[in-house]
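Have a look at the structure below, then the notes.
Below, chains carry the letters A, B, ... as their sequence lines are ordered, and counting in each starts from 1.
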Amino acid sequence: MRKVYAALAGLLLAAAVVQMYLAAVGAFDKPQDDSSFALHTMNGMMVIPVLSLVATAAAAAARAPGRQIGLTVLPLGLVIVQSLIVAIGGLFDDSTGNTTPLSLAILGLHAVNGMAVIGACELVFRRARRLAWPKPEPRSQDAAEGSAVPAS
Amino acid sequence: MTTDRLMALDLLVSVLTAAAWVSAGVAAAARRTRTTAALFAVALVASLARVWSVLALAGSGWWFVQEKVTVALPLLFAAAAVATALAGPRVLRAARRPGPPSGAVPHGVRTPAVVVPLLGAGYAAAAGLVQTFLVGYPADPGTALLLLAVVAGAVLVTWRASGASVPGLRTATAATAVAAVLGVTLTFVPATEGTAAAAEGAASAGAGAAGAAGSETPSAHGDHPASADHSVSGPSSEGHSVSGASASVAGGPVRPVTALRGPAVPPPGGAVRRFTLTARTATVTLSSGRKVAAWTFDGRVPGPPITAVQGDLVEVRLRNADIASGVTLHWHGYDVPSGEDGVPGLTQEAVPPGGEFVYRFVAAQAGTYWYHTHEVSDLGVRMGLYGTLVVTPEGAAATGVDLTLPVHTFAGTTVTGDHDQPLVRQVAPGTPVRLRLINTDNTPHRFTLAGTPYRLVAVDGTDLTGPGTLGRAGLRLAAGGRYDLAFTMPAGPVVLRTDDRSDAVRLTPGPSGTGEGAAGTRTGDGGTGDGGTGDGTGGGSTTTAPTGDWPELDLTRYGTPAPTPYTLRSRFDRDFTLVLDRGFALAGGKPAYAHTVNGLAFPDIPTEVVREGDLVRLTVVNRGRDTHPWHLHGHRVLVLSRDGRSPTGSPLWLDTFDVRPGEVWEVAFRATNPGLWMNHCHNLSHADLGMMLHLAYEGVTTPFHGAHGG
C-alpha cells in the first residue's frame, strides 16, 4: 500500500509540474482568451485536487503518520487558495473588466502560490518514497535533494 | 450594497470561516492551547457572519443563494455544532489551566476529541467554497451527496490519522463509499446519456433523440403517442434530415428553416444592393504600417462596409477562398429571416473553401449594425472576419460627417477601423457629426467624448427617445453592442477615447471634406500635430485631460419615457430564466470548467420553444464573476427591468445587453420572426465554453446536423 501511496504522490508531483507547463502554454497562446488556459484550469481544478484526495486516502490506508497524511492534502488546500487568488484579484478589476494595478498585485501571487504547490508536492513525494522504501541507501543525501532516484 | 459586492463579501467570509476552523484544528494538533481557543472563537464568529452574508445575498434573489442555503450552510452548521459540543468544553478547560499543558493534562488540546471536530468543521466550510466554485448553480442531490462523502471521508481519515481507534470504522467507510458512488451516479449518469444522444444525433444526422433529451416539451404536446418525442425534437432544436416526414407538430405547418429566406425582389421603391465578400487569409497593414496576419473579407479588416437605404434589398454573395474551418455571415442585431441568419449547423452549412452562399434580406431597420462569421466565431471574429452594416433612413439626405467606427482588439492592440493610431479628421465648425461606435470584441469598452457636448441618439441601431445632452460621461458599450453619438462640430478639437487610455478619433476644426488619405497623412505626424492644435486652442486642455473619473452613464435613466407595446405587468405566454455561472459540465461533449446556463453547457441546455405570436419574457441572472453580454438572434428585446428596477428613461430596445456579475435583467420580445435562433453570450470564448442555447419556434425544423452553433 505504501508503494501505491508513493506512486500516487509521484503522479501528484508530475501533475503539478505539468500544471506549470500548461500555464506557460496559456501565457504564450495567441490570440489569448479564456480558452487559452482551458487545460491549465482543468488540470488545476480537477486532476490535482482528485490526485491529492486519492493520495491522502492512500496515505491513511497505508497507515502513514498523521503529519504525513495532513501534508498530502496540503496541495489541495493550496490549489483552493490558487482559485481564490484569481477570484479575489478579479474583484478589483475595473468596470470594463480590465485589470488594475491592485488586481494585478493580487493576481501575481498566483505564481508564488503555484511554487508553493510544487514545493508541497515535492515534499509529499520525497517523504512518501521514504515510507515506501524505508532503508535508505548510504548516500541518501542525493535522494533527499531529489537529484537521484534510488533503486527500489 | 450591490449584489456583486455582497457576492464578494460572502466569498471572503466563507474563506475566513474555512481558514479559521482548519487553523484551529492545526493549532490544537500542535498543542497551542491559547491559539486554539482564539481561533475557535474566530471560527464561530465567522460562521455566524456567514449566515448573515448569505441572508443578505438572498435579498437579491434565490438564484444567488440556492446552493448555499440548501447544502453549504446546513453542512457548516452541523459540523460547527458538533465541534462546539465536543471540542468546546475541552478547549475551554485547557485554556483556563495555566502552565504547560503537558503537566496536568496529558494531551491538552491535542486529543482527537478536539482536533478531529475542529478540522471536520473546516472541511465542511471548505466544501461550501468548493461547491460554489466547481458546481455552481443549481445544487442537486448528486453533487451534495458527493460533497458530503468527501467531507465524511476526510473526517474519517483525519480521525484515523490522529492515532485514535475509530469505532465502526468499516461501517462508516462503507457508508461514505456508497454515498460517493451514489453521488457520482446521480451527477454524471443523466449528463452522460444526454451527451451520448447528442453525439449520436450529430454523427448520424438522423436521430432526433438529442433534441428530445434537451428540449423543454410544451404542455400542448404532452399527450402525443410514442412519436411525440420526435415531433417535438425536430422543431425544438437539433433537428434531422428526415424531419420532414417524422416531424408533424399538431396544429401548425412544418417548415424547414431553409424555407425561411429573404425575398428575391425588393419591396416597391427599393433598390437591390449587391455585394460580394470573399473570405480569405491575408496580411493586412494597419495605419501605423504594422503588418498583421488576419482572416479577412476581401483582404481588408474590417471587411467592406455594407450600406443600404431603408427599404432596399441587400444581396450579399459570400465566397470562401481559403478559410479552412469554413465561414458564414451573421447579421448582428438585424432581424433577418431565420434562413439568412448564418448559424452553421442550424440555418445553413458553413461555407467551405471554394464554396459560396447568397444572403438576401430587406433592409427594414435603419441604424448601425455589423456582420461577422458565426463558424468558429470566437477565433474567426478575432482574426478579422467582421464588417459594418449601416442602413440610413429613407429620404434622409446625408449631411455632415458620418463615421462608422468598429472598435476591435487586433493582435493585442485596439484598432478603430484599421487605425491602430488615432483616426484624425478635419471638420468645419458647425458641421453635424455622427459617430457610430461598434464593439466587435469579446469584452466591453468604455468610451468618452471630450471637447463638445453631445447626445447618445441610438443604441443597438434603435433611436432613443428624448436623449439629453451629455458632457463628462463614460459610455460603457457591451461586446457586440452599438452606440450612435451626435453633436455639432465646435470651434475646438473633439477627442473620442477608448477605455480612458487611447485616443480613437481626433476631430480638429478646419475646412471640411478632408479625405481618408489626408487623415492618414496627418496620422503620420501623430502627436506633434495634435499637440500643436491643443496649444493653439482653449479647448485643448479639455481634450487631453484624464477621463478615468468620469461617471458611467446609466442607460436605464437616460432619455425620456415613451409608451411600449408591453411592460412588466403584461401577461407573458412564455417565461424563461437563464442563470449564468461557471462550473464543471460537458461543453460540446467534453468535460470542461464551462460557462454554464442553469448548470448546463451547450448542447445540453434545453432549447427554449416558443410559438409564433407569443409574448416571451427572458430573465437573465449572472451569479458568476464574469460579465456576460447576452445576445438573442433575430429579435430585439425590450428591457423590462434591471435588478428589479424598470428603466426610467427612454425605452431600451437592445440586441446585446451586458449582464454584469450580480445583475438580474428582465427583457421581453414578441415572437414574430419564426425560425431557429441562437441565444448566447457574445463573449464568444464563453459561448465556446458552453454558454449558448437555441430558441426554436414550434414547427420549424432544420436539415442540418445541429451540433454546432457558433
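Contact of B:Phe410 with chain A is not made at all, since no heavy-atom distance falls under 4.5 Å. Heavy-atom distances place the side chain of B:Val150, and not its backbone, under 4.5 Å from chain A. Neither the backbone nor the side chain of B:Leu477 comes within contact range of chain A; no heavy atom of the residue lies under 4.5 Å from a heavy atom of that chain. Residue contact with chain A, scored on non-hydrogen atoms closer than 4.5 Å, is absent for B:Val22. Looking at B:Leu119, there are no atoms closer than 4.5 Å to chain A (heavy atoms on both sides), in backbone or side chain. Heavy-atom distances place the side chain of A:Arg63, and not its backbone, under 4.5 Å from chain B. Heavy-atom distances place the side chain of A:Leu53, and not its backbone, under 4.5 Å from chain B.
With respect to chain A, the highest number of heavy-atom pairs below 4.5 Å among B:Arg660, B:Arg382, B:Arg625 belongs to B:Arg382. The greatest number of non-hydrogen atom pairs below 4.5 Å with chain A, out of B:Ala29, B:Pro444, B:Ala18, is found for B:Pro444.
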Apply side chain to side chain contact (heavy atoms under 4.5 Å, CB included) to the pair B:Phe133 and B:Arg582, showing each step before the final yes or no. CA-CA 7 Å; B:Phe133 272 94; B:Arg582 281 206 90 164; over 6 Å; no
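Between A:Ile48 and A:Ala16, the shortest heavy-atom distance links the atoms CD1-CA, 4.0 Å.
Here the two rings, on B:His682 and B:His628, have centers that are 6.0 Å apart or farther. You'll find the ring centres of B:Tyr483 and B:Phe447 outside the 6.0 Å limit.
B:Asp499 has no carboxylate O lying under 4.0 Å from a charged side-chain N of B:Arg446, or vice versa, which leaves the two without a salt bridge. Salt-bridge annotation for A:Arg129 and A:Glu122: absent, with no side-chain N of the basic residue lying under 4.0 Å from a carboxylate O of the acidic one.
Although no hydrogens or angles enter the test, the distance criterion places a donor-acceptor pair under 3.5 Å between the side chain of B:Thr17 and the main chain of B:Val13.
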